[in-house]
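Please read the structure below before turning to the comments.
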Amino acid sequence: MKLKVYADRMSQPSRAVIIFCKVNGLDFEEIEVRLAKREQYSPEFKEINPMAKVPAIVDGRLKLFESHAILIYLACAFPGIADHWYPNDLSKRARIHSVLDWHHSNLRFGAAKFVLNKKLAPAFGLPLNPEAAAEAEKILSSSLSKIESFWLKGSGRFLVGSNQPSIADISLVCEIMELELLDEEDRTRLLGPHKKVQEWIESTRRATRPHFDEVHKVLFKVKENLQKQQLLGTGASSGTATSHKTSLHSKI
């Protein structure tokens, strides 16, 4: 049976898994699970992932969730996957695992919480939360600094000194791409001080194109829609204010 990947391209882990499958030429079926419509809570999907999160895969009898576990499985289970994605060398493998473990409680936590509370919350029926965004920004900024000074230390262009990308690179870069949803001022403020991080993002994009660009198109489309909504909201507020002032003036 063909590999099935259940995903929402607005989800960073989903994008990482989809890009990996496409770059490595895996024969798979992408099945959309729309988080904004809460489809992850449907009985059908919870049969695949009781945790109600994407991505998830079905490969024969195997049902698997959690993106890092999925990437490791795909790198090992399918023939012809280049060794650099998940090396046979145990010391290199261990370093990749150290990055992946660090990712969830640092970069992942900071980036996801910041973008949600700064920009995306209304799309999920939630209010923006400036206090939560400020706290998440501290973790995000610290994480970017740690990538710059530690994880990208060495002569290689990729994480842990490698000259070729691993599953850790694709996972972390997809996380940072969430920042594309922010206003340019916020994105520049966060990424501007980290030149190595910017170069690494570009190296990963080039190593996985054209699939990297194709899969991330959804972010730029959503950003465009958010900007339009913001402009419409500003225009409506301005119009209301003008109308109110005119009304007051006519009474005087």
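These numbers were taken from a predicted model, which means no experiment stands behind them. Note: hydrogens, waters and symmetry copies are ignored here, and every other heavy atom, side chains too, is used.
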Notebook entry, point to check: What are the two closest heavy atoms between K2 and F28, and how far apart are they?
Noted result: CD-C, 3.6 Å

Check: In this structure, are over 12 heavy atoms from other groups packed under 6.0 Å from Y73 atom OH?
Finding: yes

Could you pull out all donor-acceptor pairs under 3.5 Å where a side-chain atom in residues 122-135 meets a protein atom, sequence neighbours excluded?
| residue | atom | partner | partner atom | Å |
| --- | --- | --- | --- | --- |
| N129 | OD1 | E131 | N | 3.2 |
| N129 | OD1 | A132 | N | 3.0 |
| E135 | OE2 | K138 | NZ | 3.2 |

Next item on the list: Scan side-chain atoms only and decide if D101 and S98 contain a donor-acceptor pair under the 3.5 Å cut-off.
Entry: no

Notebook entry, point to check: Is the closest basic N to carboxylate O distance between R187 and E184 below 4.0 Å?
Noted result: yes

Item checked: Which atom of S141 lies closest to which atom of H194, heavy atoms considered -> O-NE2, 4.4 Å

Margin query: Taking the basic N atoms (NZ, or NE/NH1/NH2) and the acidic carboxylate oxygens, is any pair closer than 4.0 Å for K195 and E199?
Written below: no

Note to self: For a side-chain contact (heavy atoms from CB on, under 4.5 Å) check, start with the C-alpha distance between E180 and F220, then their side-chain angles and the critical distance, and finish with the verdict.
What the structure shows: CA-CA 7 Å; E180 293 291 343; F220 298 98; 3.4 Å; yes

Check: Where the side chain of S162 meets the backbone of P165, is there a donor-acceptor pair that is under 3.5 Å apart?
Finding: no

Check: Nearest 0.5 Å, what's the NZ-CG distance between K217 and L219?
Finding: 13.0 Å

Notebook entry, point to check: side-chain contact (heavy atoms from CB on, under 4.5 Å) between N163 and R157: does it pass, once the steps are laid out?
Noted result: CA-CA 5 Å; N163 289 314; R157 293 178 296 140; 5.6 Å; no

Next item on the list: Nearest 0.5 Å please: distance from the CD1 atom of I147 over to the CG atom of L152.
Entry: 7.0 Å

Notebook entry, point to check: Do N88 and R93 come close enough that some side-chain heavy atom pair is under 4.5 Å?
Noted result: yes

Next item on the list: Measure across P50 and F65 and return the closest heavy-atom pair with its distance rounded to 0.1 Å.
Entry: CD-CE2, 4.1 Å

Check: Just by distance, do the side chain of Q198 and the backbone of L191 share a donor-acceptor pair under 3.5 Å?
Finding: yes

Check: Going only through I, L, V, M, F, W and Y residues with side-chain contacts under 4.5 Å, is there a path from V54 to L62?
Finding: yes

Next item on the list: Measure the acute angle between the ring planes of H97 and Y86, then classify it against the limits of 30° and 60° as parallel, tilted or perpendicular.
Entry: perpendicular

Check: Within the distance-only criterion (no hydrogens, no angle test), does the side chain of Q12 pair as donor or acceptor with the backbone N or O of S171 below 3.5 angstrom?
Finding: yes

Check: Rounded to the nearest 0.5 Å, what separation is found between the CD1 atom of I139 and the CG atom of L107?
Finding: 11.0 Å

Checklist line | Minimum side-chain heavy-atom gap R189-E185 below 4.5 Å | finding: no

Item checked: Check: M51 main-chain N/O paired with N49 side-chain donor or acceptor under 3.5 Å -> yes

Note to self: Apply side-chain contact (heavy atoms from CB on, under 4.5 Å) to residues F114 and L120 and explain how you reach the verdict.
What the structure shows: CA-CA 9 Å; F114 181 73; L120 273 187; over 6 Å; no

Checklist line | ring-ring contact (aromatic ring centres under 6.0 Å, His included) partners for F212, two or more places apart | finding: H216

Next item on the list: Could you tell me whether R15 and E178 have a side-chain N and a carboxylate O separated by less than 4.0 Å?
Entry: yes

Checklist line | Closest heavy-atom pair and its distance - S11, L35 | finding: CB-CD1, 4.2 Å

Check: Hey, does L74 have a side-chain heavy atom less than 4.5 Å from the side chain of L3?
Finding: yes

Notebook entry, point to check: Going from CD1 on I31 to CD1 on I57, what distance comes out if it is rounded to the nearest 0.5 angstrom?
Noted result: 11.5 Å

Next item on the list: Report yes if some heavy atom in the side chain of E66 is under 4.5 Å from a heavy atom in the side chain of I70; otherwise report no.
Entry: no

Check: Are L100 and F150 connected in the hydrophobic side-chain network, where two residues link if heavy atoms are under 4.5 Å apart?
Finding: yes

Next item on the list: Tell me, yes or no, whether the heavy-atom count around K22 atom NZ, taken from other residues, nucleotides or ligands under 6.0 Å, exceeds 12.
Entry: yes

Notebook entry, point to check: Can you find a side-chain donor-acceptor pair between H103 and H68 that sits under 3.5 Å?
Noted result: yes

Check: Is it true that a side-chain atom of K153 and a backbone atom of V160 form a donor plus acceptor pair closer than 3.5 Å?
Finding: no

Check: Taking the side chain as C-beta and beyond, is there a heavy-atom pair between K118 and D186 under 4.5 Å?
Finding: yes

Next item on the list: Give the minimum heavy-atom separation between P87 and I96, together with the two atoms involved.
Entry: CD-CD1, 3.2 Å

Check: Considering only heavy atoms from C-beta outward, does the side chain of R9 approach that of E214 to under 4.5 Å?
Finding: yes

Item checked: Any side-chain heavy-atom pair of S143 and W102 under 4.5 Å -> yes

Notebook entry, point to check: Do the side chains of F78 and I170 join up, straight or via other hydrophobic residues, at under 4.5 Å, putting them in one cluster?
Noted result: yes

Notebook entry, point to check: Is V23 close to W85 at the side-chain level, that is, under 4.5 Å between some pair of heavy atoms?
Noted result: yes

Note to self: Run the side-chain contact (heavy atoms from CB on, under 4.5 Å) test on V5 and V58 for me, step by step, so that the C-alpha distance in whole Å, both residues' side-chain angles and the decisive distance to 0.1 Å come before the verdict.
What the structure shows: CA-CA 7 Å; V5 177; V58 175; over 6 Å; no

Check: Between the side chain of E148 and the main-chain N/O of K196, is any donor-acceptor distance below 3.5 Å?
Finding: yes

Notebook entry, point to check: Got a salt bridge between D183 and K119, using NZ or NE/NH1/NH2 to carboxylate O under 4.0 Å?
Noted result: yes

Check: Do you reckon F109 sits in the same ILVMFWY cluster as M177, going by side-chain contacts under 4.5 Å, direct or chained?
Finding: no

Next item on the list: Please check if atom NZ in K92 has more than 12 non-hydrogen atoms from other residues, nucleotides or ligands closer than 6.0 Å.
Entry: no

Next item on the list: State the CD1-NE2 distance between I167 and H84, to the nearest 0.5 angstrom.
Entry: 12.0 Å

Item checked: F158 backbone acceptor or donor facing D169 side chain under 3.5 Å -> no

Item checked: Gap between atom CG of L140 and atom CZ of R108 - 0.5 Å precision -> 12.5 Å

Check: Taking 4.0 angstrom as the limit, do R34 and D8 come out as a salt bridge?
Finding: no

